[in-house]
Amino acid sequence: MKPSARIANSRPLATTAMHGRVESMRAEGQAVIDFSIAISHFPAPRPVLDAVAAAVERERTMPYTSVVGALDVRTRLAAKLRKENGIEAAPSEIIVTNGAKQALYEALYAVTDPGDSVLVFKPHWPAYVATSQLLGLRPILVDLPDEITPQFLNSLETPKVLIINNPHNPTGKVYTRVELEHIRAWVEGNGARVIVDESYEHLIFEGGHTSLAALCDWRKIGVVTIFSASQSYAMMGWRVGFALAPAELVNAMQTLQGPITAAAPHLSQVAADVAFATGAPHEMMAEYRQRRDLAVKLFAEVPWIVMHAPASGPYLWGDVRSLYAAGEVMDTVGFAERLIEEKKVAIMPGDALGVPGFIRIGYISDDVATLRDGIRRIIEFGDAYKAV
Ligand code: PMP
């Protein structure tokens with residue numbers, strides 16, 4: 001049956017589509033190495049697993065909680081915001097969601113009307129653009145500069161909403177306090193609302209994390225800050241995160257969430273409650289750092305790729321523009337297609353993140369031997385690659 005016109009022009013997220021493809025190839029018996037998204041080989045933190053096991057034992061059947069999440073969970077999330085992010089917030093300004101994706105959809109829904117513009121820096125997480133398109137919004141895509149300056153910001157069209165991803169997927173950029181001050185001044189001056197996705201707040205190797213909301217009157221400006229347990233606590237499949245927003249927006253987001261999923265699953269709320277109280281995942285980050293350094297070293301002598309060590313995050317963002325002659329279309333989609341077909345390695349082409357000529361490699365899944373093997377295959381493939 002033909003789907004509605006409303007959905008007909010939208011496509012599944014490129015990232016989840018590639019991951020889905022890997023799963024079907026594996027189901028057919030093919031051994032595929034999956035660098036397409038970042039799925040940690042770490043389990044959820046031990047205290048999380050213990051708390052969930054205890055909750056199952058104690059409660060047997062789990063209740064519905066209020067749509068915004070259980071009050072005691074939101075009270076402790078407010079304490080996390082105070083302690084780690086320097087933000088004073090009330091539980092009524094927090095909504096627990098099924099991951100950052102749901103928070104993003106609801107936040108955009110709550111602050112925009114169809115046709116409104118959304119400013120996104122590229123390269124970008126595909127969900128920002130896909131969600132904007134689902135909601136009939138107009139994405140404005142602008143190259144993310146190395147440094148955000150007032151001059152840069154003043155050259156931009158004023159959007160209804162600015163989306164910031166700090167730390168940034170896929171480049172690993174960690175916004176400095178000074179850059180965030182410039183952004184604060186800019187939005188205070190032009191009235192743009194802001195959504196800040198801080199899902200990678202604990203995956204920082206170099207620099208420190210600053211929340212925009214800690215630097216401004218976020219209630220007055222209309223700043224929504226999104227957190228997720230997926231990356232910071234290796235809890236991708238638990239599907240849980242939360243948003244901090246002015247109470248009126250939390251109410252609007254709740255109105256949307258109620259009929260769709262109601263509350264996040266109670267067990268995932270128990271998990272999030274404990275996870276966000278455990279602070280920075282030091283052991284996991286020490287291991288990620290070793291992998292990051294190893295991967296960067298393995299690519300260091302390869303002439304066709306420029307690979308910097310990211311300051312944060314689970315991705316490498318490789319510049320492969322030298323594979324293409326001047327004026328030639330940088331078909332990194334074709335590169336990724338042939339890589340998975342010929343070498344059984346899945347990566348994300350930069351095109352899916354708005355910037356052809358780059359490839360994104362998630363380096364935190366499986367074991368180190370698999371990481372080495374996958375990189376060896378990518379290098380072998382690139383050495384022989386000729387764009388067609
Ligand atoms: N934000 C960004 C920028 C991401 O890359 C990811 C993980 N892919 C997330 C959020 C996590 O999303 P979720 O909480 O829905 O798993």
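In each ligand, atom 1 is the first atom listed, and ligand 1 is the first ligand listed.
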Can you spot which of L137, L108, L13 makes a side-chain contact (heavy atoms from CB on, under 4.5 Å) with T131? L108
Give a table of atom pairs where an N or O of ligand 1 lies under 3.5 Å from a protein N or O.
| residue | atom | partner | partner atom | Å |
| --- | --- | --- | --- | --- |
| ligand 1 | 1 (N) | D197 | OD2 | 2.6 |
| ligand 1 | 5 (O) | W125 | NE1 | 3.4 |
| ligand 1 | 5 (O) | N169 | ND2 | 2.7 |
| ligand 1 | 5 (O) | Y200 | OH | 2.6 |
| ligand 1 | 14 (O) | A100 | N | 2.6 |
| ligand 1 | 14 (O) | S228 | OG | 2.6 |
| ligand 1 | 14 (O) | S230 | OG | 3.2 |
| ligand 1 | 15 (O) | A100 | N | 3.2 |
| ligand 1 | 15 (O) | K101 | N | 3.1 |
| ligand 1 | 15 (O) | K101 | NZ | 3.3 |
| ligand 1 | 15 (O) | R239 | NH2 | 2.7 |
| ligand 1 | 16 (O) | S230 | OG | 2.6 |
| ligand 1 | 16 (O) | R239 | NH1 | 2.7 |

Looking only at side-chain N and O atoms, does E84 offer a donor or acceptor that is under 3.5 Å from a partner on H209? no
Think K173 forms a cation-pi with Y175, using NZ or CZ under 6.0 Å from the six-ring centre and within 45 degrees of its axis? yes
Lys NZ or Arg CZ of R291 over Y363 ring: under 6.0 Å, within 45°: no
Atom of Q269, atom of A264 and distance for their closest heavy-atom approach: NE2-O, 2.9 Å
Lys/Arg cation over aromatic F381: R338, 6.0 Å, 45° cone: no
